[in-house]
Amino acid sequence: QVQLVESGGGVVQAGGSLRLSCVASGRTLSSYAVAWFRQAPGKEREFVAAISWSGGSADYADSVQGRFTISGDNAKNTVYLQMNSPKPEDTAVYYCAARWGIKSDSWVRYDFWGQGTQVTVSS
């Protein structure tokens with residue numbers, strides 16, 4: 001129903017900035033929630049941010065609050081994660097995910113996933 005493709009990852013210096021993109025296709029994102037999760041080697045997948053596509057409201061993990069911003073571009077059917085002042089501990093593979101319904105910080109509630117994009121933050 002929904003296909004997601006992430007891009008924009010790479011190596012960034014601590015204190016710099018990076019913007020990740022998640023392009024959705026297959027059907028409209030109306031009534032969907034889209035989220036970003038990340039997973040570092042040997043660690044559990046963790047919630048980063050989520051947005052309600054129709055309403056535009058957003059939630060953030062405490063660890064990224066004030067530094068990362070999730071947003072959507074309806075015309076491009078794309079969700080972004082703007083990463084400002086990233087830290088080495090932000091290094092991980094970042095995934096976007098979507099579900100029909102309300103946004104959630106639990107990855108098991110999301111039905112559609114992208115392939116992931118690597119973000120490495122150097123000190």
Side-chain angles (χ1 to χ4, degrees):
Q1 291 182 282
V2 177
Q3 294 80 48
L4 305 173
V5 179
E6 304 99 331
S7 63
V11 179
V12 61
Q13 290 187 325
S17 65
L18 193 68
R19 189 182 73 166
L20 307 183
S21 299
C22 175
V23 180
S25 62
R27 65 173 296 167
T28 179
L29 290 177
S30 298
S31 301
Y32 276 77
V34 181
W36 288 94
F37 292 83
R38 65 188 183 187
Q39 188 165 24
K43 296 185 177 181
E44 296 181 348
R45 188 177 305 176
E46 66 174 342
F47 171 76
V48 177
I51 188 170
S52 297
W53 186 246
S54 59
S57 62
D59 293 333
Y60 298 93
D62 290 343
S63 60
V64 305
Q65 183 78 242
R67 299 187 297 117
F68 293 5
T69 302
I70 187 172
S71 62
D73 186 327
N74 185 60
K76 296 182 178 180
N77 221 28
T78 301
V79 173
Y80 303 97
L81 184 69
Q82 179 68 42
M83 304 171 61
N84 294 332
S85 300
K87 305 174 181 179
E89 51 263 43
D90 295 319
T91 295
V93 176
Y94 283 70
Y95 300 90
C96 66
R99 69 182 299 265
W100 190 93
I102 62 174
K103 58 186 182 293
S104 172
D105 61 0
S106 178
W107 67 269
V108 300
R109 295 186 178 182
Y110 289 84
D111 303 304
F112 309 103
W113 292 83
Q115 83 290 345
T117 185
Q118 175 70 47
V119 173
T120 301
V121 183
S122 62
S123 60

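Ser31 OG to Ile102 CD1: the interatomic distance, rounded to the nearest 0.5 Å, is 12.5 Å. The line from CD of Gln13 to OG of Ser123 is 9.5 Å long, rounded to the nearest 0.5 Å. Atom OG1 of Thr69 and atom CE of Met83 lie 11.5 Å apart (nearest 0.5 Å). Interatomic distance, Trp36 CH2 to Phe47 CZ, rounded to the nearest 0.5 Å: 12.5 Å. Between the CZ atom of Arg67 and the OG atom of Ser85 there is a distance of 7.5 Å, given to the nearest 0.5 Å. In this structure, Thr120 OG1 and Asp90 CG are separated by 11.0 Å, a value rounded to the nearest 0.5 Å.
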Side chain to side chain contact (heavy atoms under 4.5 Å, CB included) for Tyr32 and Phe112? Distances and angles first, verdict last.
CA-CA 11 Å; Tyr32 276 77; Phe112 309 103; 3.9 Å; yes
Residues Ile51, Lys103; criterion side chain to side chain contact (heavy atoms under 4.5 Å, CB included); working and verdict:
CA-CA 6 Å; Ile51 188 170; Lys103 58 186 182 293; 5.8 Å; no
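Between Val93 and Gly116, the closest heavy-atom pair is CG1-CA, 3.9 Å. Residue Val79 comes nearest to Trp53 through the heavy atom pair CG2-CZ3, 3.7 Å, listed as atom of the first residue, atom of the second, then distance. Pairing each heavy atom of Gln82 with each of Asn84, the nearest pair is NE2-OD1, 3.0 Å. Contact record, Leu81 with Ala49: CD1-CB, 4.3 Å, taken as the closest heavy-atom pair. Closest of all the heavy-atom pairs between Ser122 and Val11 is OG-CG1, 4.5 Å. Shown here for Val12 and Leu18, the closest heavy-atom pair between the two residues is CG1-CD2, 4.4 Å.
The environment of CD in Glu44 is sparse: at most 12 heavy-atom neighbours from other residues, nucleotides or ligands sit within 6.0 Å. Atom CD of Gln118 has more than 12 heavy atoms from other residues, nucleotides or ligands within 6.0 Å.
Linking Ile, Leu, Val, Met, Phe, Trp and Tyr residues whenever their side-chain heavy atoms come within less than 4.5 Å leaves Val2 and Val108 in two separate clusters. When the side chains of ILVMFWY residues are joined at heavy-atom separations under 4.5 Å, either directly or via intervening members, Trp100 and Trp113 end up in two distinct hydrophobic clusters.
Checked by atom type, the side-chain pair Arg38/Tyr94 shows a donor-acceptor distance below 3.5 Å.
At a threshold of 4.5 Å between non-hydrogen side-chain atoms, the residues Leu20 and Val119 count as touching.
With Phe37 as the partner, the ring pair (Phe, Tyr, Trp, His ring centres under 6.0 Å) test is satisfied by one option alone out of Tyr95, Trp107, Tyr110: Tyr110.
Looking only at distances, a side-chain donor or acceptor of Asn77 sits under 3.5 Å from a matching main-chain atom of Ala24. At distances below 3.5 Å, not a single donor-acceptor pair connects side-chain atoms of Gln39 with backbone N or O atoms of Ala92. Side chain of Glu6 to main chain of Cys96: a donor-acceptor pair is present (N/O by atom type, distance under 3.5 Å, no hydrogens or angles).
A cation-pi arrangement is present between Arg19 and Tyr80 under the rule of less than 6.0 angstrom and at most 45 degrees off the ring axis.
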